[in-house]
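Below, all heavy atoms of this structure are taken into account, side chains as well, without hydrogens, waters or symmetry copies.
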Amino acid sequence: MGAASLAAYTASKAFSRIFSEALWAELQPFGIDVLHLNIGFTATPAMMRLGWDLSAAQAPDEVAQEALDNIANGPVWIVGGPANLELAIKRSTVENRAEAILALATPRR
């Protein structure tokens with residue numbers, strides 16, 4: 001989903017997902033796994049620099065381990081369990097997409 005002040009970032013994420021899905025389909029006959037990882041709130045250095053409260057964030061090593069544990073379950077894996085999967089589904093099926101994009105906008109820096 002697009003977000004104000006993050007146009008290039010959100011576009012690159014969309015490209016990455018579609019590219020990964022296509023590679024997964026093309027390389028599957030050769031036994032090569034491709035996985036697009038959709039992470040939730042993760043305690044990355046970027047989040048730290050933004051000064052966000054990371055107490056509810058998932059640790060990067062946990063995210064990486066979940067990816068490795070599910071690499072054969074592509075083409076897309078949503079990290080963080082059922083709650084994150086449900087949130088991702090809700091965000092991809094919103095009826096009023098314009099309203100949702102504005103509501104989820106990241107504050108300008």
- Message: Within the 3.5 Å criterion, strictly below it, is a donor on Asn70 or Glu66 matched to an acceptor on the partner's side chain?
- Response: no

- Atom pair CD (Gln65) and CD (Gln58), whose distance is rounded to the nearest 0.5 Å: 11.5 Å

- Note on the structure: Sorted by chain and number, sequence neighbours left out, side-chain hydrogen bond (donor to acceptor under 3.5 Å, both in side chains) with Thr44 holds for none

- Message: Using the rule that Ile, Leu, Val, Met, Phe, Trp and Tyr join whenever any side-chain heavy atoms are under 4.5 Å apart, tell me whether Leu27 and Phe15 fall into a single cluster.
- Response: yes

- Supply the atom-to-atom distance Leu54 CG to Phe41 CZ, rounded to the nearest 0.5 angstrom. 5.0 Å

- Task: Identify which one of Asn84, Ile78, Val79 satisfies the side chain to side chain contact (heavy atoms under 4.5 Å, CB included) criterion when paired with Ile39.
- Result: Val79

- Item | Nearest-0.5 Å distance, CD of residue Glu86 to NZ of residue Lys90 | 4.5 Å

- Say you draw a straight line from CG of Asn96 to CG of Leu102; how long is it, rounded to the nearest 0.5 Å? 9.0 Å

- Does any N or O in the side chain of Asn38 come within less than 3.5 Å of the main-chain N or O of Trp77, such that one atom is a donor and the other an acceptor? no

- Task: Check whether Ile32 and Trp24 end up in the same hydrophobic cluster, where Ile, Leu, Val, Met, Phe, Trp and Tyr are linked by side-chain heavy atoms less than 4.5 Å apart.
- Result: yes

- Item | Any Thr42 side-chain heavy atom under 4.5 Å of Met47 side chain | no

- Item | N/O donor-acceptor pair under 3.5 Å between Ser16 side chain and Ser12 backbone | no

- Query: Can Leu37 be reached from Ile71 by stepping across I, L, V, M, F, W or Y side chains whose heavy atoms are under 4.5 Å apart?
  - Reply: yes

- Query: Under a 4.5 Å side-chain heavy-atom rule over Ile, Leu, Val, Met, Phe, Trp and Tyr, are Phe30 and Leu35 clustered together?
  - Reply: no

- Task: Verify the cluster assignment for Val34 and Leu68: are they in a single hydrophobic cluster under the rule of side-chain heavy atoms below 4.5 Å apart?
- Result: no

- Query: Between Pro60 and Ala43, which heavy-atom pair has the shortest distance, and what is it?
  - Reply: CG-O, 3.3 Å

